[in-house]
**Student:** 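Below you'll find the structure I mean.
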Number of protein chains: 2
Amino acid sequence: MKEEYCDASETIKQSGLARTPQRMAVLEALILAIHPLSAADILALTAEKTKINRVTVYRILASFRDRGIIREIETGHANSSYEMACAHNPVHPHFRCRDCGRIICLPPLTLSQAWDWLAQPADFTVERIDVQLIGLCAECIKKDNGNTVASDNF
Amino acid sequence: MKEEYCDASETIKQSGLARTPQRMAVLEALILAIHPLSAADILALTAEKTKINRVTVYRILASFRDRGIIREIETGHANSSYEMACAHNPVHPHFRCRDCGRIICLPPLTLSQAWDWLAQPADFTVERIDVQLIGLCAECIKKDNGNTVASDNF
DNA sequence: ATCATAAATGCAACAAACTTGCAAACAATT
DNA sequence: AATTGTTTGCAAGTTTGTTGCATTTATGAT
Ligand SMILES: [Mn+2]
Ligand SMILES: [Mn+2]
Ligand SMILES: [Zn+2]
Ligand SMILES: [Zn+2]
């Protein structure tokens with residue numbers, strides 16, 4: 001899926017965040033990853049390279065995600081995975097195993113192509129296709145309006 | 001979305017499960033619901049009608065889901081919602097508010113129609129579209145083969 | 001209607017993933 | 001090198017869902 005690599009140091013510098021060993025380790029793990037990684041995966045990988053705490057991993061992932069550096073792939077039942085959101089890795093659908101939770105990146109796909117998989121099982125079997133549009137509901141737009149408008153004025 | 005109603009009593013009878021007051025209350029809540037309901041929603045609604053425990057709600061939801069009576073809508077970060085999976089309520093995509101977690105049922109939709117929403121905000125704004133194919137991965141098919149084949153022999 | 005039995009429920013304890021508060025350590029700037 | 005705001009680590013907390021086991025209940029047979 002991903003064929004080229006970002007520079008971790010450069011990406012962090014451009015984000016305005018401090019370039020700490022912990023952030024470098026997390027980002028390098030994600031840049032080199034073939035599959036999306038869970039917070040636990042990332043903790044295990046980074047702990048080999050630097051002193052790092054579980055909570056720090058969560059905080060780093062949240063800050064990268066909020067800046068659009070990485071994407072969070074939500075997998076139900078509280079066990080997100082993360083992948084790079086750089087130009088080398090455009091948005092794409094995922095396969096998720098209902099048994100082991102494994103996440104596999106899929107190529108871009110129309111819904112009817114996806115539905116075809118239901119009938120013609122390949123390597124894996126597809127039982128269900130979930131489509132979710134995620135954003136802000138009408139109520140939360142109203143509620144957040146004060147904040148949003150204020151910062152939009154600059 | 002849903003315009004007709006199932007009969008709770010009949011649905012439970014056909015499932016082979018015992019018709020307990022708790023199961024009746026859970027199913028009636030889901031049949032009458034306009035939006036998908038969380039386990040907490042269901043506990044609150046059913047507790048008004050019968051003595052019921054939090055754990056019982058989870059167990060009833062799992063048994064209905066496993067029999068295809070209801071669908072579980074997974075929402076990241078462990079807070080599923082549930083909706084009827086009867087003929088009156090075919091599979092459809094959902095909108096999810098990233099702020100309040102609200103789930104809204106959407107009409108059937110192609111992906112390109114969904115992407116159009118990103119540009120043309122309506123009542124709610126769409127920031128992201130998640131597509132997940134859910135099933136069994138190659139490894140888990142192999143692993144479960146013993147079980148599956150055994151019971152398939154009957 | 002009563003009984004026997006398997007199924008379902010309630011309760012307490014547990015578990016996983018994630019969050020929060022706060023003090024100590026550190027990176028970036030001067 | 002000193003300053004200052006940012007980041008981290010640690011301990012404790014929260015939320016959501018699960019498990020074990022004793023008690024209760026639904027259901028089918030008498
Ligand atoms: Mn991916
Ligand atoms: Mn729905
Ligand atoms: Zn699997
Ligand atoms: Zn909302």
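Keep in mind it's a predicted model, so treat the numbers as computed, not measured. Lettering follows sequence order; numbering is per chain, from 1.
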**Student:** Name the atoms and distances for all side-chain donor-acceptor pairs under 3.5 Å in residues 105-112 of chain A, with sequence neighbours left out.
**Tutor:**
{"from": "Thr110(A)", "atom 1": "OG1", "to": "Ser112(A)", "atom 2": "OG", "distance (Å)": "3.4"}
{"from": "Thr110(A)", "atom 1": "OG1", "to": "Gln113(A)", "atom 2": "N", "distance (Å)": "3.1"}
{"from": "Thr110(A)", "atom 1": "OG1", "to": "Gln113(A)", "atom 2": "OE1", "distance (Å)": "3.4"}

**Student:** Do you know the tightest heavy-atom contact between Cys97(A) and Leu136(B)?
**Tutor:**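 That closest heavy-atom pairing would be SG-CA, 3.9 Å.
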**Student:** Using the C1' atoms of the five pairs at each end, what is the angle between the end axes of the helix from dA1(C)-dT30(D) to dT30(C)-dA1(D), to 10°?
**Tutor:**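 Here the helix ends are tilted 30° relative to one another.
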**Student:** Where is the tightest heavy-atom contact between Thr75(B) and Ser80(B), given as atom of each residue plus distance?
**Tutor:**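 For Thr75(B) and Ser80(B), the tightest heavy-atom pair comes out as OG1-N, 4.1 Å.
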**Student:** Using salt bridge (charged side-chain N to carboxylate O under 4.0 Å, His left out) as the criterion, list what pairs up with Arg59(B), not counting sequence neighbours.
**Tutor:**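 Here no residue qualifies.
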**Student:** Can you list the residues that meet the salt bridge (charged side-chain N to carboxylate O under 4.0 Å, His left out) rule with Glu74(B), with sequence neighbours excluded?
**Tutor:**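 Only Arg96(A), Arg128(A) meet the salt bridge (charged side-chain N to carboxylate O under 4.0 Å, His left out) criterion with Glu74(B).
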**Student:** Tell me the closest heavy-atom pair linking Asp99(A) and Cys140(B), and the distance in Å.
**Tutor:**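 Residues Asp99(A) and Cys140(B), closest heavy atoms: OD2-SG, 3.6 Å.
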**Student:** Quick one: list whatever passes side-chain hydrogen bond (donor to acceptor under 3.5 Å, both in side chains) with Glu10(A), sequence neighbours left out.
**Tutor:**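 side-chain hydrogen bond (donor to acceptor under 3.5 Å, both in side chains) check on Glu10(A) returns Gln14(A).
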**Student:** What are the bounds, 5' to 3', of the part of DNA chain C that sits under 4.0 Å from heavy atoms of chain A?
**Tutor:**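 Contacts span dA17(C) to dA28(C), reading 5' to 3'.
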**Student:** Give the rounded distance in Å between these two atoms: CD of Glu72(B) and C1' of dT18(D).
**Tutor:**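 It is 13 Å, rounded to the nearest whole Å.
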**Student:** Let's see if you get this right: which residues in residues 35-50 of chain B place a heavy atom under 4.0 Å from DNA chain C?
**Tutor:**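 Contacting residues: none.
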**Student:** Check DNA chain C against residues 74-81 of chain A and give the residues with a non-hydrogen atom under 4.0 Å, in numerical order.
**Tutor:**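 Residues of residues 74-81 of chain A that come under 4.0 Å of DNA chain C are, in numerical order, Ala78(A), Asn79(A), Ser80(A).
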**Student:** Polar atoms only, N or O, under 3.5 Å: list the protein pairs with nucleotides 6-12 of chain D and their distances.
**Tutor:**
{"from": "dT7(D)", "atom 1": "OP1", "to": "Ala18(A)", "atom 2": "N", "distance (Å)": "3.2"}
{"from": "dT7(D)", "atom 1": "OP1", "to": "Arg23(A)", "atom 2": "NH2", "distance (Å)": "2.3"}
{"from": "dT7(D)", "atom 1": "O5'", "to": "Arg23(A)", "atom 2": "NH2", "distance (Å)": "2.9"}
{"from": "dT8(D)", "atom 1": "OP1", "to": "Thr20(A)", "atom 2": "OG1", "distance (Å)": "2.7"}
{"from": "dT8(D)", "atom 1": "O3'", "to": "Gln22(A)", "atom 2": "NE2", "distance (Å)": "3.3"}
{"from": "dG9(D)", "atom 1": "OP1", "to": "Gln22(A)", "atom 2": "NE2", "distance (Å)": "3.4"}
{"from": "dG9(D)", "atom 1": "OP1", "to": "Lys51(A)", "atom 2": "O", "distance (Å)": "2.9"}
{"from": "dG9(D)", "atom 1": "OP2", "to": "Asn53(A)", "atom 2": "N", "distance (Å)": "2.9"}
{"from": "dG9(D)", "atom 1": "OP2", "to": "Thr56(A)", "atom 2": "OG1", "distance (Å)": "2.4"}
{"from": "dG9(D)", "atom 1": "O3'", "to": "Lys51(A)", "atom 2": "NZ", "distance (Å)": "3.4"}
{"from": "dG9(D)", "atom 1": "N7", "to": "Arg59(A)", "atom 2": "NH2", "distance (Å)": "2.8"}
{"from": "dG9(D)", "atom 1": "O6", "to": "Arg59(A)", "atom 2": "NH2", "distance (Å)": "2.7"}

**Student:** Quick one: side-chain hydrogen bond (donor to acceptor under 3.5 Å, both in side chains) pairs with a partner in residues 21-41 of chain B, sequence neighbours left out?
**Tutor:**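 Sorted pair list: Ser38(B)-Asp41(B).
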**Student:** Give the minimum heavy-atom separation between Tyr82(A) and Leu30(A), together with the two atoms involved.
**Tutor:**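 Minimum heavy-atom contact is O-CD2, 3.4 Å.
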**Student:** Grab the two heavy atoms, one from Leu37(B) and one from Ala29(B), that are nearest each other, plus how far apart they are.
**Tutor:**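 Nearest heavy atoms, Leu37(B) then Ala29(B): CD1-O, 3.7 Å.
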**Student:** Suppose we screen for side-chain hydrogen bond (donor to acceptor under 3.5 Å, both in side chains). Which residues come up paired with Arg19(B), at least two apart in sequence or across chains?
**Tutor:**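 With sequence neighbours excluded, Arg19(B) shows a side-chain hydrogen bond (donor to acceptor under 3.5 Å, both in side chains) to Ser9(B), given in chain and number order.
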**Student:** Between side-chain atoms of residues 42-54 of chain A and protein atoms elsewhere (two or more places apart, or another chain), which donor-acceptor pairs fall under 3.5 Å?
**Tutor:**
{"from": "Thr46(A)", "atom 1": "OG1", "to": "Ile42(A)", "atom 2": "O", "distance (Å)": "2.7"}
{"from": "Thr46(A)", "atom 1": "OG1", "to": "Leu43(A)", "atom 2": "O", "distance (Å)": "3.2"}
{"from": "Asn53(A)", "atom 1": "OD1", "to": "Val55(A)", "atom 2": "N", "distance (Å)": "2.7"}

**Student:** Between Arg71(A) (side chain only) and Met84(A) (backbone N and O only), is there a donor and an acceptor less than 3.5 Å apart?
**Tutor:**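 Checking the backbone N and O of Met84(A) against the side chain of Arg71(A), a donor-acceptor pair under 3.5 Å is found.
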**Student:** Among the clusters formed by ILVMFWY side chains lying less than 4.5 Å apart, do Ile129(B) and Ile134(A) turn up in the same one?
**Tutor:**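 They do not share one cluster, since no chain of ILVMFWY contacts under 4.5 Å joins Ile129(B) to Ile134(A).
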